Amino acid sequence: MNIYHKLDDIKMNDIMFYKPTVNKIAHYMYFYKVAYNIETFVLNTLLIEVDIKDILVTKDNNMYKVSIVIDDAFLNKIKDVENALLTKMNQLINKQIVLSCYKFLLIHKNIYTYNEYPTNIKLFLRISGIWESDTQIGLTTKLFIHQP
């Protein structure tokens, strides 16, 4: 089961991190899994609905290409959330903060391809934890699209 949130509904004080594990990606040392406490249960990932500014659909060789433009206000909010999460962790480990999620969303071209004309498109950002290298920390995230 997945539970998604609006970015404004996330309570930073309810976010915790598990003890570090050795990261499976070689150039990172550790991975800290996120835990989000919601009253009667704890989620092990944050799933955030991305605010979409515009969706452009073009037809190309019987395929539909969808370009998604993320809302600027959402980008600024996710930058603040990412900075707050990393600052919270940085009180314990004192490394350089890398805003990798914000930078990815800012420069990544969100283009998806469908066989049929897409409707009711939603974009989600999953935050699963924090990676740590010798000198830096950043969020581990994944962006995915949902079309019912």
Side-chain angles (χ1 to χ4, degrees), residues 1-18 20-21 23-90 95-133 136-148:
M1 174 172 74
N2 290 316
I3 298 175
Y4 74 89
H5 303 277
K6 292 286 189 180
L7 191 56
D8 292 333
D9 295 338
I10 294 175
K11 298 174 188 156
M12 296 304 291
N13 289 337
D14 293 338
I15 297 175
M16 302 162 282
F17 302 98
Y18 290 102
T21 59
N23 203 317
K24 295 176 184 176
I25 301 172
H27 58 278
Y28 298 128
M29 294 175 11
Y30 298 109
F31 174 74
Y32 300 83
K33 186 82 175 147
V34 69
Y36 187 51
N37 186 8
I38 301 178
E39 296 179 23
T40 57
F41 55 93
V42 176
L43 301 173
N44 62 3
T45 188
L46 282 171
L47 193 58
I48 301 167
E49 184 175 357
V50 176
D51 294 340
I52 297 173
K53 180 178 181 178
D54 198 9
I55 297 174
L56 308 167
V57 180
T58 57
K59 189 172 182 180
D60 184 23
N61 292 332
N62 294 327
M63 298 295 285
Y64 294 93
K65 290 187 180 180
V66 176
S67 299
I68 297 176
V69 180
I70 298 173
D71 184 72
D72 292 336
F74 179 86
L75 288 171
N76 289 329
K77 289 178 193 174
I78 199 67
K79 181 180 181 181
D80 293 341
V81 167
E82 183 174 20
N83 195 38
L85 285 172
L86 294 173
T87 298
K88 186 175 188 176
M89 175 57 76
N90 215 22
K95 304 263 176 128
Q96 178 188 6
I97 292 174
V98 176
L99 298 178
S100 55
C101 176
Y102 168 73
K103 289 177 185 174
F104 174 78
L105 291 174
L106 191 62
I107 63 172
H108 181 72
K109 302 294 181 205
N110 301 299
I111 300 174
Y112 304 91
T113 305
Y114 293 95
N115 293 328
E116 298 175 359
Y117 190 88
T119 58
N120 228 4
I121 294 174
K122 293 190 179 203
L123 193 62
F124 294 94
L125 175 68
R126 184 180 72 201
I127 299 174
S128 54
I130 293 178
W131 56 262
E132 177 186 357
S133 71
Q136 300 175 323
I137 60 171
L139 288 185
T140 301
T141 61
K142 183 176 182 178
L143 191 64
F144 63 96
I145 193 165
H146 175 70
Q147 188 225 342

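Computed from a predicted model, the values in this text were never measured in an experiment. Values below: every heavy atom of this structure, side chains too, minus hydrogens, waters and symmetry copies.
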Tell me every residue that passes salt bridge (Lys or Arg N to Asp or Glu O under 4.0 Å) with D54, counting only those two or more places apart in sequence or in another chain.
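With sequence neighbours excluded, D54 shows a salt bridge (Lys or Arg N to Asp or Glu O under 4.0 Å) to no residue whatsoever.
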
Any residue meeting salt bridge (Lys or Arg N to Asp or Glu O under 4.0 Å) with D9, in chain and number order, not counting sequence neighbours
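Once residues adjacent in sequence are excluded, D9 has no partner under the salt bridge (Lys or Arg N to Asp or Glu O under 4.0 Å) criterion.
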
Rounded to the nearest 0.5 Å, what separates atom [atom1] in [X] from atom [atom2] in [Y]?
X	Y	atom1	atom2	value
K65	Y112	NZ	OH	14.5 Å
I15	I10	CD1	CD1	6.0 Å
L125	L46	CG	CG	9.0 Å
T113	D60	OG1	CG	8.5 Å
I97	L85	CD1	CG	10.0 Å
Y36	F17	OH	CZ	12.5 Å

Would you say that [X] contacts [Y] through its side chain, given a criterion of any heavy-atom pair below 4.5 Å between the two side chains?
X	Y	result
L86	L99	yes
I48	F74	yes
V81	M12	yes
N44	K33	yes
M63	N115	yes
L105	L143	yes

Minimum-distance pair of heavy atoms, taken over all atoms of [X] and [Y]:
X	Y	answer
Y64	P118	CB-CD, 3.9 Å
Y32	P20	CE2-CB, 3.3 Å
M16	N37	CE-CB, 3.8 Å
I121	I52	O-CD1, 4.1 Å
S100	E82	N-OE2, 3.0 Å
C101	I78	SG-CG1, 4.2 Å

For the side chain of [X] and the backbone of [Y], is there at least one donor-acceptor N/O pair under 3.5 Å apart?
X	Y	result
T141	R126	no
Y30	I130	no
Q136	V98	no
K95	S133	yes

Step by step, would you call L43 with H5 a side-chain contact (heavy atoms from CB on, under 4.5 Å)?
CA-CA 12 Å; L43 301 173; H5 303 277; 3.6 Å; yes

